[in-house]
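The block underneath contains the structure these notes are about, expressed in structure tokens.
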Protein chains: 2
Amino acid sequence: MSKEPEDTIASRISRVLADRIVRGELAPGARLRQDHIAEEFQTSHVPVREAFRRLEAQGLAISEPRRGVRVASFDLAEVREVAEMRAVLEVLAIRHAARHLTPAILDAAEEATREGDAAADVHAWEEANRRFHRLILTPCGMKRLLASIDDLHAASARFLFSAWQSGWEKRTDHDHRAILAALRQGRTDEAAAILQKHVQWIGRGPQPAKTGIPRETFAIVG
Amino acid sequence: MSKEPEDTIASRISRVLADRIVRGELAPGARLRQDHIAEEFQTSHVPVREAFRRLEAQGLAISEPRRGVRVASFDLAEVREVAEMRAVLEVLAIRHAARHLTPAILDAAEEATREGDAAADVHAWEEANRRFHRLILTPCGMKRLLASIDDLHAASARFLFSAWQSGWEKRTDHDHRAILAALRQGRTDEAAAILQKHVQWIGRGPQPAKTGIPRETFAIVG
DNA sequence: GGAAATAAAATTATCTATAATTTTTGAAAC
DNA sequence: GTTTCAAAAATTATAGATAATTTTATTTCC
């Protein structure tokens, strides 16, 4: 019971590195040197290389043979691409999840929304937001679809964190509440439509200036 | 020019293994033993392990810590899941690709369709079919989206090959022609609608009996 | 002073070796 | 004949070592 399975070192390394990349602690283009990372994790570089393959598949790192691995960079076009992929895939997921949603799940999702609204910083908001999406989508039971969505969420979060390096301001998530209301009434199509717009909007509106504090929030979150 | 970059051994191994899994030469559930594969490719098992991580990410293999890697198995539910994911993602791609399509590309796609119709076996058909889809979708220029679609195509092909182990019969692909006609006339919505149905249908109809020769073709191809 | 060439250092990709774990084999008990 | 257990074999995961390549630093030449 208390014995953790403690999966492979490679998976632990890939999780930690993915988190750092998403949070922006590792900047786009930064080189990932296998020996240094191996030293940090007190291992040889073999599991580090395996972790790299995982990051590559997730689109978080780019590897060039013999030239090493670096943190993937991303531009606005890719942010939009990710948003559109998320939109269509999350709609697909919600359509299948709808019939399996229980009041308990919807209550938990509402709680996640409240936590998001009350979040003091962007990381807390992101966690709550992701929880909301996961709660209402997981019941679709489509593992491959959910895994893809998870990877896209990570990519979205990268953008979110890079845009909101400081100065998070609280906001009320009307989309989430509208989605929940529609789901509670069994209006799946309506919920799907709101969800689609909600996600698709990411990266569409005016971007915050790099120097100043971001003003327009609706274009970044989702 | 003649000098090939000859990328890493790991990527070569993952390509070959992926191909074998898709073609059904490696059965679902079959164990992939790193030492044996290493011996076959005249390498150590280190690059083999890296290849495993790639296959895992593509959904072609499943790895359990300390228990090894085996070929992923798939059931009808997963075939449908893949089909639905392909449907929404290919529609997204075609919507973005449409404006960049040239008559030359459409001609090449028509040629691919003809080759598919004339294909003598299921492998030739699959290759032509994939070429068709790639031709009309690639111009969207969304790398991440195209990579996802490619992985889903591989999963679809697995199902196709497992269903049509023998007894391929020629057929005329009306969907492909209708899609091309719509694209030629600039009717993107119509093309997208046909494409969606075309792909979504996979795994829906009656399945061929394992013992006999498959009769219903419309439900398997796409 | 700056470009080109060269030497030194760092880094990647791979191999061989080893410890830990799982699977298989085979005998003993029922 | 089947189940249980233990020893043997096979296999995984990781470490440590090495050759090849790339990057960085240094020197030379213009």
Side-chain angles (χ1 to χ4, degrees), chain A residues 1-21 25-73, chain B residues 1-21 25-73:
Chain A
M1 268 259 155
S2 61
K3 181 77 178 295
E4 284 196 24
E6 184 55 27
D7 43 15
T8 173
I9 293 177
S11 74
R12 187 164 58 90
I13 294 175
S14 93
R15 261 203 312 278
V16 172
L17 291 182
D19 193 56
R20 285 184 195 163
I21 293 171
E25 294 166 21
L26 288 168
R31 285 192 66 172
L32 299 174
R33 294 188 206 77
Q34 59 186 32
D35 280 3
H36 297 193
I37 294 167
E39 196 175 13
E40 181 195 338
F41 286 89
Q42 306 260 40
T43 72
S44 85
H45 55 247
V46 178
V48 175
R49 292 180 59 80
E50 292 184 38
F52 283 171
R53 295 299 153 272
R54 178 113 206 286
L55 295 172
E56 219 184 331
Q58 291 177 299
L60 293 176
I62 287 176
S63 165
E64 288 180 282
R66 294 267 166 204
R67 312 281 307 271
V69 177
R70 27 185 86 244
V71 177
S73 47
Chain B
M1 212 142 258
S2 62
K3 180 76 179 294
E4 285 196 24
E6 185 53 28
D7 43 14
T8 174
I9 293 176
S11 73
R12 186 164 58 89
I13 294 175
S14 91
R15 262 201 312 278
V16 173
L17 291 183
D19 193 56
R20 286 184 194 163
I21 294 171
E25 294 166 22
L26 288 168
R31 285 192 66 172
L32 300 174
R33 294 190 204 75
Q34 57 187 33
D35 279 2
H36 297 192
I37 294 167
E39 196 174 12
E40 181 194 337
F41 286 89
Q42 307 259 42
T43 71
S44 84
H45 58 246
V46 177
V48 175
R49 292 180 58 81
E50 292 184 39
F52 283 171
R53 295 297 153 278
R54 181 113 207 286
L55 295 172
E56 218 184 333
Q58 291 176 298
L60 293 176
I62 287 177
S63 164
E64 288 181 282
R66 295 269 166 201
R67 313 282 306 271
V69 176
R70 26 184 88 245
V71 176
S73 47

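Please read these numbers as outputs of a predicted model, since none were measured by experiment.
In this structure, A:R53 pairs ionically with A:E56, as a charged nitrogen and a carboxylate oxygen lie closer than 4.0 Å.
Atom pair B:F41:CZ and C:dA13:P shows a separation of 19 Å (rounding to whole Å applied). Here the P atom of nucleotide C:dT12 and the CD atom of A:E56 are 14 Å apart, to the nearest Å.
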* To do: Quick one, give me the B/S/- string for nucleotides 9-14 of chain D, reading 5' to 3', where B means a protein heavy atom under 4.0 Å from the base and S means that only happens at the primed atoms, P, OP1 or OP2.
  => --SBBB
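Scanning both residues, B:F41 and B:V16, for their nearest heavy atoms gives CZ-CG1, 3.8 Å. In plain terms, the two heavy atoms of B:A10 and B:P47 that are nearest each other are CB-O, 3.4 Å. Across all non-hydrogen atoms, the minimal contact from A:V71 to A:A27 is CB-O, 3.3 Å.
The OG1 atom of A:T43 lies 10.5 Å from the CD atom of A:Q34; values are rounded to the nearest 0.5 Å.
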